[in-house]
Chemist: 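Next up is a structure, given as structure tokens.
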Amino acid sequence: MFTALEATTPTAPGGQLILAALVGIAVIVLLITRFKLHPFLALTIGSLLVGAIGRMNLAEMLDSYSSGVGATVASVGVLIALGAIIGKLLADSGGADRIVDTLVGKASPRALPWAMALVGAIIGLPMFFEIGLVLLVPVILLVSRRSKLPLMRVGIPALAGLSTMHAMVPPHPGPLAAIGLLRADLGATLGLGILIAVPTVIIAGPLFSTLAARWVPVEAPDLFMDTDAEGRSGIAPRRPGFAMTMVTVLLPVVLMMGKAVADIFTSEGSTVRDVLDFIGQPVFALLITALLAIFTLGRASGLDKDAISDSIGNALPPIAGILLIVAAGGGFKQVLIDTGIADLLAHGINSSHLSPLLMAWLVAVAIRLATGSATVATVTTAGILEPVAASLPPTQAALMVLAVGSGSVFFSHVNDAGFWLIKEYFGVSVGQNIKTWSVMESILSVTGLVLVLLVSVVV
């Protein structure tokens with residue numbers, strides 16, 4: 001997925017290269033946490049610092065960083081943009097509300113937490129976490145009030161579904177970047193990601209929500225009632241049908257899974273395999289879905305050409321920061337490779353007795369706790385461990401992506417923007433948010449790791 005430069009002969013002694021990596025990561029963390037510098041700038045500065053300590057000259061540093069950024073934008077950047085367009089059309093058309101109303105309307109009060117977990121997971125498939133969160137919060141609050149269930153009994157399952165998809169399942173930027181950096185097979189990662197995500201959502205969502213509701217027995221605050229009495233997020237005059245909305249949302253997943261199945265069960269060079277391989281490529285699958293969404297979500301909901309054009313245009317500015325962070329992570333990765341640091345770290349990990357999957361999770365957890373950013377944790381960890389993944393079979397590389405994704409969401413706290421969004425939306429204190437949201441993220445992370453390790457024994 002990425003076209004990266006091959007690792008070169010180390011530019012400095014091993015001890016100095018390790019120092020360069022540690023200093024680079026420490027500076028990135030310090031700039032983000034202490035000086036509140038944007039992760040894009042922090043990753044860029046860290047990349048150049050690693051190159052300088054690793055004895056690369058200025059031209060080599062810039063060439064290496066630019067190569068990594070360009071390769072990342074050329075592959076992952078297009079997917080992020082297409083995913084954002086699909087998510088925006090889903091929201092503006094009212095398709096997301098159609099999914100929510102249909103699923104929740106058919107659920108009994110006892111089944112509502114499970115329905116909300118499913119809603120969070122479905123909405124989370126094509127949307128970025130922040131977009132999905134803003135969309136889900138009015139629904140969570142309204143469902144809690146109408147059903148008379150405690151807020152956490154309804155909210156935690158929905159957030160678990162949303163966060164799990166964000167961490168483990170493409171087309172989110174974190175998993176996509178990790179797939180590219182670790183050169184994992186997208187179809188295998190998608191299939192294993194969904195397999196692991198289902199029990200993870202169940203444990204961190206509906207099951208944990210019973211405890212969360214006892215620990216923090218709060219009711220839903222009176223938010224969003226002045227925007228729409230029905231809690232609708234769309235701007236369209238009518239909402240698209242449920243069946244067509246589901247077809248649109250799940251189409252990229254089906255196409256990518258079709259490619260994975262074809263690679264396993266059809267012979268190489270056959271017409272069926274060639275066709276499924278082509279339409280199952282991430283860029284083509286998301287492009288088809290985005291074009292389909294214009295008609296099945298946009299035109300079907302009554303949006304005219306100008307409104308659809310505005311919706312697509314408005315989808316792109318919010319992802320600029322995410323795209324730059326992921327791109328800078330690719331640049332950081334390439335500097336690690338070209339100095340020889342990545343190979344040195346990979347050799348150390350391979351010669352240790354620690355499982356590469358556990359190591360991937362631990363590194364991601366450390367960066368997540370320090371920076372508060374799941375995306376930064378994912379791309380930085382994946383860049384460090386790329387040489388390790390290169391020596392793994394395809395399924396193990398896919399599991400490493402999932403291990404990194406699981407570690408990247410561990411214990412959201414005060415340095416995470418999502419922590420404050422949920423605190424303010426739910427109207428809870430910092431302590432109450434830690435007891436619920438932060439603990440839920442930790443359960444999700446640990447459950448994901450345990451399942452990854454169990455699957456690695458089988459496959």
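The model shown is predicted, which means the values in this text are computed figures rather than measured ones. In this chain, residues are counted from 1 in sequence order.
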Chemist: Should we count CE of Met244 as having more than 12 external heavy atoms under 6.0 Å?
Modeler: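 Not more than 12 within 6.0 Å, no.
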
Chemist: Do Leu451 and Leu195 come within less than 4.5 Å of each other through their side chains, counting heavy atoms only?
Modeler: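 No; the side chains remain at least 4.5 Å from each other.
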
Chemist: Between Arg98 (side chain only) and Pro240 (backbone N and O only), is there a donor and an acceptor less than 3.5 Å apart?
Modeler: yes

Chemist: Apply side-chain contact (heavy atoms from CB on, under 4.5 Å) to Ala111 and list each qualifying residue two or more places apart in sequence or on a separate chain.
Modeler: Ala107, Ser108

Chemist: Apply side-chain contact (heavy atoms from CB on, under 4.5 Å) to Val458 and Leu454, showing your working.
Modeler: CA-CA 7 Å; Val458 178; Leu454 288 176; over 6 Å; no

Chemist: Looking at Arg273 and Glu268, does any basic side-chain N land under 4.0 Å from a carboxylate oxygen?
Modeler: no

Chemist: Which residue pairs satisfy the ring-ring contact (aromatic ring centres under 6.0 Å, His included) criterion with at least one member in residues 357-384, sequence neighbours excluded?
Modeler: Trp361-Phe410

Chemist: Using 0.5 Å steps for rounding, measure from the NE2 atom of His38 to the CG atom of Leu324.
Modeler: 7.0 Å

Chemist: Can you find a heavy atom in the side chain of Phe35 that is under 4.5 Å from one in the side chain of Leu41?
Modeler: no

Chemist: Is any side-chain heavy atom of Ile28 closer than 4.5 Å to a side-chain heavy atom of Ile367?
Modeler: no

Chemist: Check whether the side chains of Arg368 and Ser408 place a donor and an acceptor atom closer than 3.5 Å, and report yes or no.
Modeler: no

Chemist: Do the side chains of Asp92 and Asn314 get nearer than 4.5 Å, heavy atoms only?
Modeler: no

Chemist: For residues 278-297, dump all side-chain donor-acceptor pairs below 3.5 Å to protein atoms at least two apart in sequence or in another chain.
Modeler:
{"unit_1": "Thr289", "atom_1": "OG1", "unit_2": "Ala285", "atom_2": "O", "d": "2.8"}
{"unit_1": "Thr296", "atom_1": "OG1", "unit_2": "Thr248", "atom_2": "OG1", "d": "2.8"}
{"unit_1": "Thr296", "atom_1": "OG1", "unit_2": "Leu292", "atom_2": "O", "d": "3.0"}

